[in-house]
There are 2 protein chains.
Amino acid sequence: MKRDQKRAQLVEIAMKLFDRYGYHATGVDRIIAESGIAKTTLYRHFPSKEDLIVTCLAKRDERFRDEMRECVEATGHDPRERLLATFDYLQTWFDSPAFHGCPFVCAAGEYCEQNHPVFQQAILHKRLVIAYFEELAHAAGFTDAKNVAREINLLHEGAVAAAQVLGHEGVAAHAKQTARRLLAA
Amino acid sequence: MKRDQKRAQLVEIAMKLFDRYGYHATGVDRIIAESGIAKTTLYRHFPSKEDLIVTCLAKRDERFRDEMRECVEATGHDPRERLLATFDYLQTWFDSPAFHGCPFVCAAGEYCEQNHPVFQQAILHKRLVIAYFEELAHAAGFTDAKNVAREINLLHEGAVAAAQVLGHEGVAAHAKQTARRLLAA
DNA sequence: CTATATCGATACAGATCAGTATCGTATAAA
DNA sequence: TTTATACGATACTGATCTGTATCGATATAG
């Protein structure tokens with residue numbers, strides 16, 4: 001296994017564990033135990049656990065937005081339906097067994113100092129997602145695309161929190177329907 | 001200081017620290033240091049840290065819903081405005097310096113096993129809040145009060161998450177305006 | 001005054017935490 | 001074959017974690 005593969009595997013295992021058990025509750029020892037990679041190797045790739053967390057979040061952000069884009073692209077060309085298709089991606093996310101709430105909101109909850117790199121990574125992710133919503137809203141002909149994007153984001157975040165605590169049964173579909181009515185109003 | 005006062009103070013200090021630093025990151029040693037109460041005394045009142053957390057969340061839930069009720073009662077008698085007034089309470093919460101996201105969502109993120117007492121406490125809180133929304137929606141004459149309550153909840157949760165990560169500037173007001181448009185549609 | 005209960009202070013146990021130091025090994029390019 | 005690089009295994013450090021054990025002080029009720 002190449003060096004880059006080991007690094008990638010560390011990130012992959014760490015992401016899974018951080019999602020499942022949280023950031024403070026997941027020790028470095030557990031990450032190396034489940035990945036079968038020596039602790040020394042981990043610290044050759046990442047100077048600290050904090051650095052590993054930030055790397056994991058950056059990877060999550062990249063993957064999240066890529067997959068959401070794919071879901072939107074697969075929807076078709078109706079610009080309003082494309083905006084609403086973001087909720088379909090939410091549903092597939094909720095239905096996956098690995099779903100335990102938004103990793104970025106959880107991370108922001110555990111590292112809630114404004115200047116903390118982990119918190120900053122959460123901010124960055126949310127901004128990028130909203131920017132994508134705005135892009136879709138603009139394409140759908142909304143003159144107040146910024147405002148529409150913020151509303152869609154409200155429903156997204158609400159759906160994630162509701163699915164996390166109360167269960168994912170039809171939450172995304174309900175949020176999508178709510179968004180549809182909102183866009184029509 | 002009486003026994004009950006000490007217990008109450010422990011809960012108060014612990015709530016503040018859990019909110020600010022998270023649940024795993026807040027050690028028992030810190031709680032006793034900031035409260036000036038001996039560790040033995042803490043463990044005479046609470047059999048474990050987990051038990052203290054659950055007690056804190058129960059107290060938070062009680063206070064949260066009481067204060068939200070007060071805010072609604074102070075609004076007047078227009079039933080629809082009373083439903084929308086729940087967003088005004090959100091804004092006062094966001095503006096308080098102690099706001100660091102929803103304590104229940106954060107707790108659910110750190111203890112995300114379904115059967116864990118902490119997670120169960122989060123579920124209970126969310127159900128009670130939604131039940132209150134439904135009560136207000138019913139009073140406002142909505143025949144689909146259950147559905148309206150879920151929609152209001154989506155916007156509430158979304159506003160909390162957005163305020164936590166991206167800042168509280170006008171988030172609640174925006175959510176309120178969105179809710180108003182939604183109810184009119 | 002005496003009995004009971006609660007308290008604070010301290011030390012401790014045993015586990016786990018993040019991170020480092022050491023050393024022998026495997027691989028691959030030169 | 002030599003050299004450089006990354007690796008695993010292990011042991012370790014010093015701090016911190018939850019929780020307990022011990023003991024003397026204090027306060028209150030009968």
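We use all heavy atoms of the structure for the numbers below, so side chains are in, but hydrogens, waters and symmetry mates are not. Chain naming here is simple, since letters A, B, ... match the order of the sequence lines and numbering starts at 1 in each.
Here the P atom of nucleotide C:dC7 and the CZ atom of B:R7 are 11 Å apart, to the nearest Å. In this structure, A:I32 atom CD1 and C:dA18 atom C1' are separated by 11 Å, rounded to whole Å. Atom-to-atom, CD of B:Q5 to P of D:dA27 comes out at 15 Å; the value is rounded to the nearest Å. Spacing between atom CD1 of A:I53 and atom C1' of C:dG19 amounts to 14 Å, rounded to whole angstrom units. Atom-to-atom, CG of B:L10 to P of C:dT6 comes out at 15 Å; the value is rounded to the nearest Å. Per the geometry, CD belonging to A:E110 stands 14 Å off P belonging to C:dC17, to the nearest Å. Residue B:I37 contributes atom CD1, which lies 16 Å from atom P of C:dT10 at whole-angstrom precision.
Ring planes of A:F64 and A:W93: perpendicular class, angle over 60° (limits at 30 and 60°). Under the 30°/60° scheme for interplanar angles, the aromatic rings of A:Y111 and A:H116 are found to be tilted. Between B:H156 and B:F133, the angle of the ring planes lies from 30° to 60°, which puts this pair in the tilted group.
Side chain of A:E50 to backbone of A:P117: no donor-acceptor contact under 3.5 angstrom is found. Here the side chain of B:K126 pairs no donor or acceptor atom with the backbone of B:V105 at under 3.5 angstrom. Side-chain atoms of A:R82 do not come within 3.5 Å of backbone N or O of A:H77 as any donor-acceptor pair.
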Exercise. Could you run through nucleotides 21-29 of chain C and give me one letter per nucleotide, 5' to 3': B if any protein heavy atom sits under 4.0 Å from the base, S if only the sugar-phosphate is that close, - if neither?
Key: BB-------
Might you list the N or O atoms of the protein lying below 3.5 Å from N or O atoms in nucleotides 13-18 of chain D, with each pair's distance?
from, atom 1, to, atom 2, distance (Å)
D:dT18, OP1, B:K49, NZ, 2.7
D:dT18, OP2, B:V28, N, 2.8

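Cation-pi geometry between A:R60 and A:F18 is not met at under 6.0 angstrom from the ring centre and within 45 degrees of the axis.
Set against C:dC7, C:dG8, D:dG8, the side chain of B:H45 has C:dC7 as its closest nucleotide.
Along DNA chain D, the nucleotide nearest A:L42 and the nucleotide nearest B:E50 are compared for position; the residue whose nucleotide lies closer to the 5' end is A:L42.
Cluster membership for A:L183 and A:Y89, using ILVMFWY side-chain heavy atoms within less than 4.5 angstrom, is shared.
Taking every heavy atom of both residues into account, A:T75 and A:E81 meet most closely at CG2-O, 4.0 Å.
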